Amino acid sequence: MRYPIPDLPAGEWQTNELEVEKSRFIGWVCHAPDIAAFETMLRAAREHHPAASHHCSAFIAGPPGEQSAIGFSDDGEPGGTAGRPMYQVLEGSDLGQVGCVIIRYFGGTKLGTGGLARAYAQTVTQALEALPRRDIVERTSLRLRVDFSGEAQARGWLDEREVPVEAADYTADGVWLTVGWPSDIEVDLSPLASRLRGNLELLADD
């Protein structure tokens with residue numbers, strides 16, 4: 001599976017701000033490959049903005065469509081007016097591994113449930129519009145055995161297809177290459193086998 005994720009280093013986040021009726025909505029977005037990465041940002045938001053009225057949040061700590069490592073919180077706002085609208089924007093973005101916190105400073109005017117939901121959703125939408133992204137490719141580990149004389153050709157063929165060699169084990173019978181094959185592409189090594197004149201063995205790595 002291939003999908004976009006935030007192109008942000010660990011411990012860094014993208015920020016933006018929206019003002020509605022004098023209430024400030026400050027958005028933080030991070031790369032969340034796991035729940036712990038999201039929680040790190042949430043703690044930082046609370047530490048940097050201890051006087052804020054709310055720290056609402058949503059995250060998808062996995063690929064788009066993830067059903068387990070997800071979550072959202074209204075953090076004291078009326079039920080369904082903050083965390084769920086935030087999550088719905090993330091879900092509709094087709095991004096994976098993404099987390100968001102919105103820090104709200106109450107401006108004195110109540111926005112109503114509809115106004116709150118729109119403000120939180122709009123803050124996330126604006127944050128994602130400016131978010132740097134990169135694609136991630138989920139991979140399956142395969143082990144290939146080639147002769148010593150065929151190692152360079154095999155590595156070259158794999159490099160042409162952007163398939164990384166993760167490890168190489170040298171034995172008396174040749175070289176075992178552990179490679180990360182893209183999970184969204186059918187495994188077809190016949191061109192490589194032809195190039196190596198059949199001196200190729202495939203073993204799925206458990």
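Only a predicted model underlies this, so the values are computations on that prediction, with no experimental measurement involved.
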Ile5 CD1 to Arg133 CZ distance, which is reported to the nearest 0.5 Å: 11.5 Å
Side-chain donor or acceptor of Ser23 paired with backbone N/O of Gly107 under 3.5 Å: yes
Separation between CH2 of Trp157 and CG of Leu200, rounded to the nearest 0.5 Å: 8.5 Å
Side-chain atoms of residues 191-199: list all donor-acceptor pairs with protein atoms under 3.5 Å, sequence neighbours left out, distances to 0.1 Å.
residue, atom, partner, partner atom, Å
Ser194, OG, Ser190, O, 3.1
Asn199, ND2, Leu196, O, 3.2

Flag if over 12 foreign heavy atoms under 6.0 Å of CD, Glu160: yes
Under 3.5 Å: donor-acceptor pair, side chain of Asp74, backbone of Gly83: yes
Arg145 CZ: over 12 foreign heavy atoms closer than 6.0 Å: yes
Check: Thr123 side chain, Gly27 main-chain N or O, donor-acceptor pair, under 3.5 Å: no
Candidate list Leu158, Thr178, Asp159, test side-chain contact (heavy atoms from CB on, under 4.5 Å), partner Val165, passing option: Leu158
Test item: Leu202 and Leu142 side chains (from C-beta on) under 4.5 Å apart, heavy atoms: yes
Gap between atom NE2 of His48 and atom NE2 of His55 - 0.5 Å precision: 11.0 Å
Min side-chain heavy-atom separation Leu18-Val20 under 4.5 Å: yes
Minimal non-hydrogen separation, Ile35 against Ala61, with atom names: N-CB, 3.7 Å
Parallel, tilted or perpendicular: ring planes of Phe148 versus Tyr170, cut at 30 and 60 degrees: parallel
Single-linkage hydrophobic cluster, 4.5 Å side-chain cutoff, Val124 and Leu116 together: yes
Closest non-hydrogen atom pair between Ala154 and Leu177, with its separation: CB-CD1, 4.2 Å
Within-4.5 Å side-chain heavy-atom neighbours: Gln14 and Asp7: no
Joint hydrophobic cluster, Val29 plus Ile103, side-chain heavy atoms closer than 4.5 Å: no
Carboxylate-amine/guanidinium contact Glu77 Arg104, below 4.0 Å: yes
Distance, nearest 0.5 Å, that separates OG1 of Thr81 from CE of Met86: 11.0 Å
Test item: Phe106 and His54 side chains (from C-beta on) under 4.5 Å apart, heavy atoms: no
Flag side-chain contact, heavy atom, 4.5 Å: Phe72 against Gln88: no
Parallel, tilted or perpendicular, as decided by the 30° and 60° cut-offs, for the rings of His49 and Tyr105: perpendicular
Non-hydrogen atoms of Ala58 and Leu90 that approach each other most closely: O-CD1, 3.7 Å
Minimal non-hydrogen separation, Phe59 against Ala69, with atom names: CE1-O, 3.6 Å
Closest non-hydrogen atom pair, Ile102 against Tyr120: CD1-O, 3.3 Å
Rounded distance (nearest 0.5 Å) linking atom CG of Leu42 with atom CH2 of Trp13: 10.0 Å
Inter-residue atom distance Asn16.CG - Thr125.OG1, 0.5 Å rounding: 10.0 Å
Close side-chain approach of Leu131 to Leu128, heavy-atom, < 4.5 Å: yes
Minimum side-chain heavy-atom gap Leu8-Pro132 below 4.5 Å: yes
Heavy-atom side-chain proximity of Ile185 to Arg161 below 4.5 angstrom: no
Salt-bridge contact Arg2-Asp184 (side-chain N to carboxylate O under 4.0 Å): yes
Closest non-hydrogen atom pair between Ala37 and Cys30, with its separation: O-SG, 4.3 Å
